[in-house]
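To start, the structure under review is shown below, and the notes come after it.
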Amino acid sequence: MKHIYFLIGLTLSILVAGCQGATVKIESLKTEMQENPQGLGTSTPRFSWQITSGQPDLQQKTYQIQVARSEQDLKKGTNLLWDSGVIPSDLSILVPYSGENLSPRDVYYWRVKISTNQGETAWSKINHWSMTLPDSGWKAQWIGENALSNPGETNQKNTRLAARYLRKPFDSKQKPKRAVLYISGQGAHEAYINGKRVSNDVLAPAVSWFPEKVYYNTYDVTSLIGKNTNMLAVKLGNGRYFGMRDAWSIMFGLPRLLAQLEIEYSDGSTDVIVSDNSWKVTSKGPIIANNEFDGEEYDARLELPGWDKTDYDDSAWKQADIMDAPKGKLTVQPNPSIRVMEEVKPVSITKLADGKFIMDMGQNMVGWVTINRLKGKKDQPVTMRFAELLNPDGTLYMANLRGAKVTDIYTPVKDGEFSWEPSFVFHGFRFVEISGLDYQPELSSFTGKVIYDEMETTGQFETSNETINQIFKNAYWGIRGNYRNMPTDCPQRDERQGWLGDRTTGCFGESFIFNNALLYSKWLQDIEDSQSPQGSISDVSPRYWTIFNDDVTWPAAYFYGAKMLWQNYGDTEPIKKHYASMKRYMEHIQEVSMQDYVLTKDTYGDWCMPPESQELIHSRDPSRTTAGPVLSTTVYYSLLDLMCEFAAITGNEGDIPGYKELAARLKDAYNARFFNVDSALYDNNTVTANMLSLRLGLVPEGYEKKVFGNIVRKTEVDFNGHVSTGVLGIQHLMRGLTEHGNVNLAYKIASNRTYPSWGYMIEKGATTIWELWNGDTADPAMNSANHVMLLGDLLIWFYEDLAGIKNHPETTAYKKLLMEPKFPEGLSHVKAAYKSVYGEIKSEWKKENGTFHWDITIPGNSSAVIRLPKALNIITPTGEGVRNVTETETGIEIELGSGSYQLNN
């Protein structure tokens, strides 16, 4: 056995680090950040893997990747499409394919072998991926029912439309070798073969800005097809394609389907079944209405038993209409779809005086309720309405849902038990009002289905402070509840849009908890697709509500999102892909907003800063309001810094001198106009004005400490140690206070339970994050109880500053960590874990009664620099994995390789 000894005086601390000769393993093989993905649209897929060992300081030295068309060829090492050879490199994420041209539709298999400082590995397990159709490969036509066919249907204002049901029989001469369904059902589809769902995806395909891009899905359906006659059937819902409400959405047209089923047989022959006018369609089925804002109505009296199987009589159905193709380019969906990710059981059901029932799920959630064996009466609708809050009398509070009806209705066909769940809606809710029953139902009759984009939960976080623990839990529920193929502002009212400003730094914190790389990569494409020809970026993207304000603070999310994907996942492709678009925006803003090197346009200010009275939504006090040019100029300055980095990545180094010169002129002009040299405050001395100037690098050299002093005094004296910022200031507040030496004030802000604070929301019963600091007292009808914009940089602070899980400035993707946790007074324990692209990072420290103990885990092929203050009297470590120890004036710095370690005093 090998040990690491930590010695000081007569004290001895021992850590078992592993055994000699421990096996190096390759794990978590991924192609384009997915395991065995279907239907990739890139000609150069990228490969990633993780390595583990029982011994510390594991470092990859070389890799070799092989790709073939079959597992057999790959195992034999013959007929390879690519053999990288032995490449001297420690690169183990996003290694690009560099072999023969890949053919559309085909399946490919790959494996990797590596050598490390601890020896070589065997070949990894074999993973695979498939390619999608070429643009020219589509033979299918868009089909549907090109009419409003049912009473009350409308495509105006509050839209109403029944689901479409489509079906097509087809023959298979034998059990297929491989069968793949390529399908785009706009707005949303559920596909079946012989009565079985082809996928667990819901609300697929992903939403987009349809005039530019329309996504389709790829499904391997080989196991669902039998010999002889089969049935391909599709339900079409309205989604975002058939608009939901005037002002908040756009009408793109009636639902339509594009489907192409390609079957390959063992003898090499093929069949192709396509959507065309040989299909049958009806809108006379049981889903008589579906609208994401309003809910789904299901009339069981109109059920079509067996409609998705071969022996159903569809003679009363219509011949499908050929529909116009959407304007946007048909593109394979680049990110996983939404799925049911968790189930929640209700905690109580209460009967109201009017005979209705209120069910409490115990948690504000997003999804729907499934009915399990509920007793109904023939022709008597059972209605469920959804809300986040209750009135004082126990009834639903609906005002903050605005125009959204959020109502699901099921009408039984007979007396007796029934089970049901909707197909094409979702709700943001904690409470459900149930009517239409003549008895009090059991809790077991209901299940909450939690939906969001399929992704791994990557982060865990807890501390000795229960307020912080609940804030983290509220953030967890709020973030995933606002993932709907795009990060949305809210999931419950008649909005649910991709507001950019909510995510500018929020995306960094979110990425600790969820592997959101593919979601954000897709959303950046939505943003570019929604950009105007002149370069304006819509503050809502996809631009179902087009807002070309030519401001800076909201569009900044486009740039910061790209930086997050690079910094946290090591992915530079989004930067390369969108650099020209970003540059066009930067130049456009100079033309329309820059005057004497100050940016003048601003729309939202420091949105939702806590006003002087809890009854107000927005402050009326000029001393609390940060000027628009201060906000726009500081943020634009930060974008110039990002563009310098992006230019270097993309090979546009010639742009850098121009960015730097403009930044220098902007900084001089900004300080000349807004900085008071004598008092070292910016403009009217708001915390936001000072903090943005400080953190984004505009403070003149030598004045940083004075500016920070103003921030602290303003916070402690004028706001009694509470937050005084809105959406923009909160993006930098917690890190800014900590970086400049006042982690105790940051901790006080995070721990507060009085207004305004995250803890105040908890005191008032919140289980997610509110839109307003004073959402209970200002105008509750304005307050979404599930927003995440006010989280700002809090989650980043949790992980980077409290837990010490932070990228080293020299690297990205946590290839090298800088672990320098801060220890605010009153906090005695932090435990965090984060699954990075290299593997899981763990940090757990305890500090009480003069003792300090810290457990650290660093994944294979990565390393960490540990920094701790001298006051902790850390025992100097030696042994395997300890690369270097340096005593500094203020503390100790330790460089560690991968492995698990303990530090003590």
Side-chain angles (χ1 to χ4, degrees), residues 140 142-150 153-166 182-191 198-199 201-217 233-246 248-259 275 281 283 285 287-298 320-321 323-333 335 337-339 368 404 422-427 451 453 484-486 488 491 494-498 522 526 529-530 542-545:
W142 288 92
I143 62 173
E145 184 178 13
N146 199 15
L148 303 175
S149 303
N150 300 295
E153 291 188 339
T154 178
N155 59 4
Q156 303 295 320
K157 295 185 177 179
N158 297 352
T159 63
R160 180 180 177 84
L161 190 73
R164 272 72 170 125
Y165 295 76
L166 300 102
Y182 306 95
I183 180 170
S184 181
Q186 297 298 340
H189 65 72
E190 282 185 8
V198 304
S199 168
D201 293 352
V202 298
L203 299 171
V207 298
S208 61
W209 178 237
F210 301 113
E212 289 292 329
K213 202 165 270 81
V214 176
Y215 289 120
Y216 67 90
N217 303 109
V234 180
K235 261 192 319 194
L236 276 185
N238 301 327
R240 296 292 173 100
Y241 196 81
F242 187 79
M244 298 171 292
R245 182 81 78 251
D246 280 1
W248 284 114
S249 59
I250 297 174
M251 175 58 64
F252 296 98
L254 291 165
R256 58 204 65 201
L257 169 69
L258 186 75
S275 52
V281 63
S283 59
I287 300 179
I288 61 175
N290 65 101
N291 181 307
E292 287 186 16
F293 290 167
D294 293 342
E296 184 163 306
E297 297 178 39
Y298 189 95
D321 296 319
M323 310 285 283
D324 291 337
K327 294 180 180 179
K329 178 179 172 58
L330 191 59
T331 305
V332 65
Q333 184 174 308
N335 57 303
S337 295
I338 297 170
R339 290 199 171 188
W368 60 75
S423 294
F424 298 121
V425 298
F426 66 92
H427 307 285
I451 68 163
D453 296 72
R484 193 264 183 265
N485 306 141
M486 57 180 169
T488 62
D494 59 353
E495 189 170 359
R496 313 184 193 194
Q497 302 287 353
K522 178 265 179 190
D526 291 335
D529 287 345
S530 300
R543 58 182 177 96
Y544 304 135
W545 192 26

Look only at the side chain of [X] and the backbone of [Y], and say whether a donor-acceptor pair between them is shorter than 3.5 Å.
X: Asn155; Y: Leu254; answer: no
X: Ser275; Y: Ile143; answer: no
X: Arg164; Y: Glu145; answer: yes
X: Glu297; Y: Ile288; answer: no

Result of checking Phe242, Tyr241, Tyr215 against Phe210 for ring-ring contact (aromatic ring centres under 6.0 Å, His included):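 With Phe210 as partner, Phe242, Tyr241, Tyr215 yield a single ring-ring contact (aromatic ring centres under 6.0 Å, His included), made by Tyr241.
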Rounded to the nearest 0.5 Å, how far apart are [atom1] of [X] and [atom2] of [Y]?
X: Asp526; Y: Tyr544; atom1: CG; atom2: OH; answer: 7.0 Å
X: Asn238; Y: Gln186; atom1: CG; atom2: CD; answer: 11.5 Å
X: Met323; Y: Leu257; atom1: CE; atom2: CG; answer: 10.5 Å
X: Ile183; Y: Tyr216; atom1: CD1; atom2: OH; answer: 12.5 Å
X: Arg245; Y: Ile250; atom1: CZ; atom2: CD1; answer: 15.0 Å
X: Asp529; Y: Lys213; atom1: CG; atom2: NZ; answer: 3.5 Å

Nearest heavy-atom pair of [X] and [Y]: which atoms, and what distance?
X: Asn485; Y: Pro205; answer: OD1-O, 4.2 Å
X: Ala259; Y: Ala140; answer: O-CB, 3.2 Å
X: Leu203; Y: Val425; answer: CD2-N, 4.2 Å
X: Asn335; Y: Ala206; answer: OD1-CB, 4.3 Å
X: Met486; Y: Pro542; answer: SD-CD, 3.4 Å
X: Leu236; Y: Gly185; answer: CD2-CA, 3.5 Å

Contact between [X] and [Y] at the side-chain level, heavy atoms closer than 4.5 Å - yes or no?
X: Asp201; Y: Arg339; result: yes
X: Trp368; Y: Val202; result: yes
X: Thr331; Y: Ser208; result: no

From CA spacing to verdict: side chain to side chain contact (heavy atoms under 4.5 Å, CB included), Val281, Asp321: CA-CA 8 Å; Val281 63; Asp321 296 319; 5.8 Å; no
Asp324 atom CG, over 12 foreign heavy atoms within 6.0 Å: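 For Asp324, atom CG is not crowded (no more than 12 foreign heavy atoms under 6.0 Å).
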From CA spacing to verdict: side chain to side chain contact (heavy atoms under 4.5 Å, CB included), Ile287, Tyr165: CA-CA 10 Å; Ile287 300 179; Tyr165 295 76; 3.3 Å; yes
Criterion side chain to side chain contact (heavy atoms under 4.5 Å, CB included) on Trp142 and Val214, from CA distance to verdict: CA-CA 12 Å; Trp142 288 92; Val214 176; 4.1 Å; yes
Check: Trp209 ring centre within less than 6.0 Å of Phe252 ring centre: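 Ring-ring flag for Trp209/Phe252: true, centres closer than 6.0 Å.
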Sole residue of Arg240, Glu292, Arg496, Met244 in side-chain contact (heavy atoms from CB on, under 4.5 Å) with Ser249: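 Single side-chain contact (heavy atoms from CB on, under 4.5 Å) partner of Ser249 among Arg240, Glu292, Arg496, Met244: Met244.
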Asp294/Arg160 ion pair, N-O < 4.0 Å: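 No, no charged N to carboxylate O under 4.0 Å.
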Pair Asp453 + Arg484: basic N to acidic O under 4.0 Å: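 Judged by the 4.0 Å cut-off on N to carboxylate O distance, Asp453 and Arg484 do not form a salt bridge.
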Polar side chain donor-acceptor pair, Asn290 to Ser423, under 3.5 angstrom: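 Short answer, no.
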Stepwise side chain to side chain contact (heavy atoms under 4.5 Å, CB included) check, Leu258 with Arg256: CA-CA 7 Å; Leu258 186 75; Arg256 58 204 65 201; over 6 Å; no
